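The next block holds one structure in the form of structure tokens; read it before the comments.
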Amino acid sequence: MQQREDFLLKAYELGIIKFGNFTLKSGIESPFYVDLRPLSSSPQLLKTLSNNLLELVENSPFELICGVPYAALPMGTTMSLASGIPLIIKRKENKGYGTKRMVEGVYHDGQNCLLVEDVITSGQSLLETIDEIEREGLKVTDIVVVLDREQGGIQKLKAKGYTVHTLFTINEAIDILHRYHRLDDADLARIKNFLNNPPAPPEIKRVPLEQKNINHPVGKRLIEIALKKKSNLIASADVISSAELIRLAEEVGDYIVALKLHTDIIKDFSFDLIDKLKQIAREKEFLLFEDRKFADIGNTQELQFKEGIYKIGSWADMITSHVIAGEESLKVFENLGVVAIVEMSSKGTLTDDYYITKALNVAENAPNVMGAVAQRKISDDLLLFTPGVNISSSADGKGQQYNTPERVCKNYHTDFMIVGRGIYQSANAAESAKEYQTKGWQAYLESLN
Ligand code: 6AU
């Protein structure tokens, strides 16, 4: 017992638990913060910890050890060195690495693998890790955890048949620190109160369109049109002739804020078509949105934007661009409204969480980027455009995945939904556009509450 307490006090000196006011990832305000990574900076403590963890599983049958990355990786390694039981390494990346193995090391089907985790909270991430290990043909029966935050994780794993061995619960750790005067009575009461009555995560409120922090004039104009027409609908006019495009623009123009084009699919493209579209756009009040999805170095993008057959820069109000070439490559679009593609709607897209985070970073820093295409909530400083919206279909057999207007408005806080085939392939495009406009605006209004 004394040994465990000694360990905890020394680990506390290293900074594994901090007291104060911390905003957790979930948005909850917590009076303490736990981070076991500093333990790697003390080889002696890491050894003591590993011995303690091995003692917990003395009677469990396991042939491999796997530390859940990253905090438990050095713990698993130290346990492997101390026990002579081989280590395997689970990759952290779980998307976009289809051909690479998810678990590295020498192992074979049916071997029992002990999982090592630093902190267990809801148990969700451990369950995902177990799933990945089991998919490699390995067996998981036991898990050792340094600290249980007592938020239901243990119960969740037990219910699935796993045995979880914990070194400390958060209540025990707090009691020890209080007993040894690292925590005063008032702080103890505050923390116990937090642990006994865990607050629900704050609901992220949607910012109404008129209050969004959008400085780009095209973004402002789009919001103005949306509020005036009571529409968050962009029609994607993926038709292949000028006649069809003009007819569609006339039919749906009253219900939309922008008409999205792929000019390179139009077989008889001409500037007469553009003049006609501009005229309809003026009359019916919508913007012209060229979905070019630029994805090259700045110089090439500039040529694609200004030159060639389409001379996009001379007529479009807004365009889409990937941000894969970095922030500087976007300058060439000058003051046009740029919508950054940060996440795609299709099944198996390579835009994983890591890419999306970096792409959003680029989008937020580039002054001419006014919004992003994505399937998730993003910063209120950008307008969110979500394609893959269809009321009557869930997929197209070519990778496209569909959501309903309600789902994107309520779950993602989408500002503008993009609808293609749901409108232009319907028997009556005008009626369908009207339906999407009504449903989309209704879902937007409801999502404000
Ligand atoms: O409603 P659909 O599936 O007929 O059409 C969706 C439209 C197409 C796609 O090129 C486009 O939205 N799109 C985009 C955009 C707008 O950039 C990104 C994406 O991830 N998925 C997607 O479908 O014109």
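Please read these numbers as outputs of a predicted model, since none were measured by experiment. Quick note: residue numbers are just sequence positions, from 1. The figures here come from the full heavy-atom set of this structure, side chains too, leaving out hydrogens, waters and symmetry mates. When a ligand or atom number is given, it counts from 1 through the structure's own listing order.
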How far is atom 10 (O) of ligand 1 from its nearest protein heavy atom, and which residue and atom name does that atom have? H262 NE2, 3.2 Å
For atom 12 (O) of ligand 1, the closest protein heavy atom turns out to be P387 CB, 3.5 Å
Could you check atom 8 (C) of ligand 1 against the protein and tell me its nearest heavy-atom contact, residue, atom and distance included? D238 OD2, 3.4 Å
Among all the protein's non-hydrogen atoms, which is closest to atom 15 (C) of ligand 1, and how far away is it? K293 NZ, 3.3 Å
So if I count the atoms of ligand 1 from 1 in the order they appear, which ones are less than 4.0 Å from some heavy atom of Y402? 1 (O), 2 (P), 3 (O), 4 (O)
Please state whether Q425 comes within less than 4.0 angstrom of ligand 1, counting heavy atoms only. no
If we number the atoms of ligand 1 from 1 as shown, the ones under 4.0 Å from a heavy atom of I341 are 17 (O)
What protein heavy atom sits nearest atom 21 (N) of ligand 1, and how far off is it? S345 OG, 2.7 Å
N/O of S236 under 3.5 Å from N/O of ligand 1, yes or no? yes
So, the side chain of T166 versus the backbone of F168: is there a donor-acceptor pair under 3.5 Å, distance only? no
Would you say T320 and ligand 1 have an N/O pair spaced under 3.5 Å apart? no
Does an N or O from G420, backbone or side chain, lie closer than 3.5 Å to an N or O of ligand 1? yes
Tell me the protein heavy atom at minimum distance from atom 23 (O) of ligand 1, and give that distance in Å. Q400 NE2, 2.8 Å
When you measure from the side chain of Q301 to the backbone of V332, do you find a donor-acceptor pair of N or O atoms at a distance under 3.5 Å? no
Do any N or O atoms from the side chain of T320 and from the backbone of R292 form a donor-acceptor pair under 3.5 angstrom? yes
Is a side-chain donor or acceptor of T414 paired with a backbone partner of V408 at a separation under 3.5 angstrom? yes
